[in-house]
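Okay, structure first, notes after.
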Amino acid sequence: MLAKFLNQYLISAKGCTMKREKIKSILSSSETGKEILVKGWVRTKRGSKNVNFIALNDGSTIHNLQVVADVENFEEGLLRSVTTGAAVSVSGKLQQSQGTGQNLELIAEKIEVFGEADPDKYPIQPKRHTLEFLRENAHLRFRTNTFSAVFRIRHAMAFAIHKYFNEKGFYYLHTPIITASDAEGAGQMFRVSTLDPVTPPLDDKGNIDYSEDFFGKATNLTVSGQLEGELGATALGEIYTFGPTFRAENSNTTRHLAEFWMVEPEMAFYDLADNMDLAEEFLKYLTKYALENCQDDLQFLAKRLQEEEKSKPQDQKAMDLIEKLQFVADNDFIKCTYTEAINILSNSKPFKKKKFQFPVEWGVDLQSEHERYLVEKHFKCPVILIDYPKEIKAFYMKQNEDNKTVGAMDVLFPQIGEIIGGSQREENLDKLVARMKEMDIPAEEMDWYLDTRRYGTVPHSGFGLGFERFVQFVTGMGNIRDVIPFARTPKNAEF
Ligand code: 4AD
Ligand code: MG
């Protein structure tokens, strides 16, 4: 305890104790002439025989603090161990920088090296690494500018989600991660079991006897907290869940993870129009929050994207990242029915030229290529598609009077495609049970869910935002594996 306390402080050359300051606050206060203490990791070191310039980063900001070390003030060898990746503490005086490129610099009086990073072995060197290389070294990629920016923004977005819902009077409801139900009815679940996989207990028919399993029945990792969320919403009014969700779908794409985070608000007394309004307001709020609170990181990522875009042909160049965020924050989303969307796609150039890989006809599920055509080429704006064919949507969605479609809504975003999936829920018990029968969903096991419709049922709605897809949108990162700290994808659960 005492050691930890002492570690917070360093005795300066003048003998007074100093508290460590974060680089972000040092750079924003710009107060020169004072003694400061900083701790962080060396990004680069350059210099001459007489003086070394160390770029120090402590994770609090994308910006480094320039440390100037006069070689003659330090014992032989110390500065040699200050290499890229080394963890150091530096105290000294802050002054106006003599050089260009930064306003302030720290004239080092004392340097302590906590941990060296052997330059012959340390993988993160001060050069441009590919995202693929960094994905393979994902345990160290937080130490790069790109990933530290992405994960600071991810944090800011998670915080803004809680702030938004709290300000609107929604309650954060923690829905279970282990569940016996399949919320989406898609059957793409990871089993949770403590049975011996080699010789599991069998019943009379030779099937695995889950009554002997840990929970006394077959259980899985949840694919969505929605069904439990509905229990909360039909009592607390408006709730949201925000937690990890799991899908055992074998999709090796830039938009799918086996473990991802989903934000799911569920609201009593909301119809589909209210649901759409909330989704639009929510996405704009988060986008504005990023613009107002993450400027430094966004500017860095925007510049990075500009570099990447340079190699692309003129007509394929994407909008500037910050312009794109501002555009989404400022413009109304387009609302369009699934049927209208099929008409638009059937009359589109890529359809006529057979450029779409997947079929377009009424009744098919839209693929990312179709969603992106609607958003990027046709409407040039985020789109909310509603009223999908009931056959391609989940059992719980409100059945429309045409008997063909349901009150579903998918929000489609540029570069991403579907970012939100939601619906008004079927509140009529008989209709819901009939639909479950049609879809072979065992009503007996869902009795608890059906009680919401048996007792005090209300019109209600909700949606799920794929958190990583939203972070992809805000950061401009093309691959979903690059916006979650530790990606879980088919054949990959490293770290
Ligand atoms: O459209 P989905 O499957 O909807 C639901 O699960 C509903 N229960 C939500 C609700 O109404 N409460 O998933 C919602 C969102 C998708 O729009 C997508 O953004 C994201 O979750 N998502 C994934 N993100 C990453 N990897 C995956 N494998 C994803 N599957 C869905
Ligand atoms: Mg969906």
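Counting starts at 1 for both ligands and their atoms, in listed order. Since we're looking at a predicted model, the values are computed, not measured.
- For ligand 1, the atoms sitting less than 4.0 Å from at least one non-hydrogen atom of Gly422 are 11 (O), numbered in the order shown with element in parentheses.
- Side-chain contact annotation: Gln415 with Lys324, donor-acceptor N/O pair under 3.5 Å present.
- The closest approach between any non-hydrogen atom of Tyr396 and ligand 1 is below 4.0 Å.
- Between the side chains of Asn400 and Thr405, at least one donor N or O lies within less than 3.5 Å of an accepting N or O.
- Residue contacts with ligand 1 leave out Ile416, since none of its heavy atoms falls under 4.0 Å from the ligand.
- Of the protein's non-hydrogen atoms, the one nearest atom 4 (O) of ligand 1 is Glu184 OE1, 3.9 Å.
- Using a 4.5 Å heavy-atom threshold, the side chains of Gln299 and Ile322 count as touching.
- Checked by atom type, the side-chain pair Glu167/Tyr285 shows a donor-acceptor distance below 3.5 Å.
- Checked for salt-bridge contact, Asp482 and Arg135 meet the test: a charged N lies under 4.0 Å from a carboxylate O.
- For atom 11 (O) of ligand 1, the nearest non-hydrogen atom from the set Arg469, Arg425, His256 comes from Arg425.
- Proximity of Glu266 to ligand 1, defined as any heavy-atom pair under 4.0 Å, is not found for any part of the residue.
- Distances from the Mg ion (ligand 2) under 2.8 Å pick out these protein N/O/S atoms: Glu418 OE2.
- By the 4.5 Å heavy-atom criterion applied to side chains, Gln399 and Arg435 are counted as neighbours.
- Glu264 and Ser224 share a side-chain donor-acceptor pair at under 3.5 Å.
- Under 4.0 Å from ligand 1, not a single heavy atom of Asp410 appears.
- With Tyr240 as the fixed residue, the ring-ring contact (aromatic ring centres under 6.0 Å, His included) test singles out one of Phe170, Tyr172, Tyr164: Tyr172.
- Annotation: atom 17 (O) of ligand 1 to nearest protein heavy atom, Glu418 OE2, 2.6 Å.
- In terms of protein heavy atoms, atom 22 (N) of ligand 1 is closest to Phe260 CE1, 3.5 Å.
- A side-chain N or O of Glu230 and one of Tyr449 form a donor-acceptor pair less than 3.5 Å apart.
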Yes or no on ring-ring contact (aromatic ring centres under 6.0 Å, His included) for Phe356 and His370, after CA distance, side-chain angles and deciding distance?
CA-CA 8 Å; Phe356 286 136; His370 308 132; 4.8 Å; yes
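- Thr339 and Trp362 form a side-chain donor-acceptor contact under 3.5 Å, judged by distance and modelled atom types alone.
- In terms of protein heavy atoms, atom 3 (O) of ligand 1 is closest to Arg247 NH1, 2.8 Å.
- Between Phe242 and His162, the ring center distance clears the sub-6.0 Å criterion.
- Annotation: atom 15 (C) of ligand 1 to nearest protein heavy atom, Gly464 O, 3.5 Å.
- If you check which protein heavy atom lies closest to atom 26 (N) of ligand 1, you get Leu257 N, 3.0 Å.
- Both tests pass for Lys393 against the ring of Tyr388: distance under 6.0 Å to the centre and angle within 45° of the axis.
- Remark: ligand 1 atoms within the under-4.0 Å shell around heavy atoms of Gly421 are 1 (O), 9 (C), 10 (C), 11 (O), 17 (O).
- Note: Phe147 and Phe151 have parallel aromatic rings, judged against thresholds of 30 and 60 degrees for the angle between ring planes.
- The closest protein non-hydrogen atom to atom 19 (O) of ligand 1 is Ile419 O, 2.8 Å.
- Contact annotation for Ile420 and ligand 1: only backbone heavy atoms (N, CA, C, O) come within less than 4.0 Å of the ligand.
- For ligand 1 and Ile480, the ligand atoms under 4.0 Å from any heavy atom of the residue are 25 (C).
- Regarding atom 20 (C) of ligand 1, its nearest protein heavy-atom neighbour is Gly466 CA, 3.5 Å.
- Of the listed options Glu468, Glu264, Arg488, Glu264 places a heavy atom closest to atom 12 (N) of ligand 1.
- Within ligand 1, the atoms closer than 4.0 Å to a non-hydrogen atom of Arg255 are 25 (C), 26 (N), numbered from 1 in the order shown.
- Side-chain contact check for Arg425 and Ser423: at least one donor-acceptor pair (N or O, by modelled atom type) lies under 3.5 Å.
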